[in-house]
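Okay, structure first, notes after.
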Amino acid sequence: MVMKKGVVKAIIIGLIVIALFIPVVMEMYANRKIATIPYSDVSKLVESSSEGYDFTLVYVSPDSDENAEANKEAVQEIVASYKHRSTSEPFVANFVDYDSLTDDEKREIFGDSEEKVAYITVGNGSKLRTVVGSLSTNKLKEIVSADSANDMSEDMTNFKKLTTASEYKKLIKDKKKVTMAVLGTEKCFYCNQFKVIYNKVARDYQVDIYYLDILTYEKEVEKIDNLIVPGECLTTKKDSKLSEAEFGTPLTLFTKNGKVIDYINGYVGETELVTKLKTVGLIKE
């Protein structure tokens, strides 16, 4: 039996399409598949994220649980639904089998709790948070969204948002206390990455950190005309009033008694930020 040329051509095209589609399917499956790692590798995830701007969620649970596979797939789907702002690549999750943990590792994660489930977020060179106990889908999405620098709900926010010039003017006039304020924008990549860091520091050290969106409240910023910003922070390299200053974001200003006493120009990691806060006296040694 001789097949018609049209049929042969259709079969060939079909085989080519299948060949091209297989790698796509495999990649999609790989993205859905959560990787199992020993807990000792979590520190490696922290180290690797310090080399860039990255995010990983580590899911801890007994692998022997009858719902383990379904839960792992659900966790990976949630994490992969968020993408890295600079590469547009989906984030990934990792799994640690509770039964593989040493007693010391269990204490490190769970403390005195008898829970066997935990979620650990890692990003930008820091272990951002550990949540012990099962979470609802919505709560897990909220945490992943906040710690991966995609969005931060009010429930996840530990720093304080400034909305008026009068609020900031009052803060910078304080004669006894140092004020830390981050000037940034919601569309700035580095601002959002830094927000994850100072949000964690505000939570862990119970320190007041303020944020002012210079685009949303641009007219308010123009009213802050009595604060002189050091030229090292500015594109002009000349000292200037904040209301007239040209600078990149994020710009962090430390003020006391109406003057800038220190600053951070751009993004820094947790270690550098904590060191600076100790230097200016916001965190006690």
Sequence neighbours excluded and cut-off under 3.5 Å, please list the side-chain donor-acceptor pairs for residues 51-68, or say none.
| from | atom 1 | to | atom 2 | distance (Å) |
| --- | --- | --- | --- | --- |
| D63 | OD1 | K72 | NZ | 3.0 |
| S64 | OG | D99 | OD2 | 3.3 |
| D65 | OD1 | N67 | N | 2.7 |

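- Of the possible donor and acceptor atoms, none in the side chain of S126 sits under 3.5 Å from a partner among the backbone N and O of L128.
- Between the side chains of D147 and T121, at least one donor-acceptor pair of N or O atoms lies under 3.5 Å.
- When atom types are taken as modelled, the side chain of D174 and the backbone of K177 share a donor-acceptor pair closer than 3.5 angstrom.
- E167 places a side-chain N or O within donor-acceptor distance of the main-chain N or O of T163, the cut-off being under 3.5 Å.
- K169 places a side-chain N or O within 3.5 Å of a backbone atom of K223 that can act as its donor or acceptor partner.
- Under the 4.5 Å side-chain contact rule for hydrophobic residues, Y198 and I172 do not share a cluster.
- With E105 contributing its side chain and T102 its backbone, the two residues share a donor-acceptor pair below 3.5 Å.
- Using a 4.5 Å heavy-atom threshold, the side chains of L227 and L253 count as touching.
- There is no path of hydrophobic side-chain contacts, each under 4.5 Å, that joins M180 to I224.
- Residue F110 is not grouped with residue F95 when hydrophobic side chains (ILVMFWY) are merged at heavy-atom distances under 4.5 angstrom, including chains of intermediate members.
- Summarising the geometry, atom CD belonging to E246 is positioned 8.0 Å from atom OG belonging to S240; distances are rounded to the nearest 0.5 Å.
- Proximity of a side-chain donor or acceptor of S145 to a complementary backbone N or O of D151 within less than 3.5 Å is detected.
- The closest donor-acceptor contact from the side chain of D239 to the backbone of G231 lies under 3.5 Å.
- L101 and Y119 are assigned to two separate hydrophobic clusters, defined by single-linkage of ILVMFWY side chains at heavy-atom distances under 4.5 Å.
- Under a hydrophobic clustering in which Ile, Leu, Val, Met, Phe, Trp and Tyr are joined whenever their side-chain heavy atoms come within less than 4.5 Å, directly or via other members, I214 and Y168 fall into the same cluster.
- Side-chain contact check for Y39 and E108: at least one donor-acceptor pair (N or O, by modelled atom type) lies under 3.5 Å.
- Put simply, the side chain of F194 reaches to within 4.5 Å of the side chain of V182, judged on heavy atoms.
- Aromatic pair Y263/F247: centroids not less than 6.0 angstrom apart.
- Ion pair K161/E154 flagged as a salt bridge, since at least one NZ, NE, NH1 or NH2 atom sits closer than 4.0 Å to an Asp/Glu carboxylate oxygen.
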Practice task
Apply the test side-chain contact (heavy atoms from CB on, under 4.5 Å) to residues K241 and I228: give CA-CA distance (whole Å), side-chain angles for both, the deciding distance (0.1 Å), then the verdict.
Solution key: CA-CA 4 Å; K241 293 180 180 179; I228 305 299; 3.8 Å; yes

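- Counting only distance, with no hydrogens or angles, the side chain of S49 and the backbone of G125 share a donor-acceptor pair below 3.5 Å.
- Distance alone, capped at 3.5 Å, is enough to place a donor-acceptor pair between the Q76 side chain and the A93 backbone.
- One finds the CD1 atom of I37 at 4.5 Å from the CG atom of L45 (value rounded to the nearest 0.5 Å).
- For S243 and E222, the side-chain atoms include no donor-acceptor pair closer than 3.5 Å.
- Judged purely by atom type and a 3.5 angstrom limit, T249 has no side-chain atom pairing as donor or acceptor with the backbone of L251.
- Exactly one of L273, L277, V274 qualifies for a side-chain contact (heavy atoms from CB on, under 4.5 Å) with Y205. That residue is V274.
- You'll find the side chain of D225 stays beyond 4.5 Å of the side chain of L242, heavy atoms only.
- Classification of E270 and K200 as a salt-bridged pair holds, one side-chain N sitting under 4.0 Å from a carboxylate O.
- Taking all atoms of both residues into account, the shortest heavy-atom contact from L215 to D213 is N-OD1, 2.9 Å.
- Counting all heavy atoms, side chain and backbone alike, V260 lies closest to P230 at CG1-CD, 3.8 Å.
- Applying the 6.0 Å contact sphere to NZ of K276 captures more than 12 heavy atoms from other residues, nucleotides or ligands.
- Y267 places none of its side-chain heavy atoms less than 4.5 Å from the side chain of N192.
- For the pair K195 and Y211, the cation-pi test (distance below 6.0 Å, angle within 45°) is passed.
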Practice task
Begin with the C-alpha distance, continue with both residues' side-chain angles, and end with the deciding distance and a verdict on side-chain contact (heavy atoms from CB on, under 4.5 Å) for M156 and E142.
Solution key: CA-CA 8 Å; M156 293 289 104; E142 191 178 25; 3.8 Å; yes

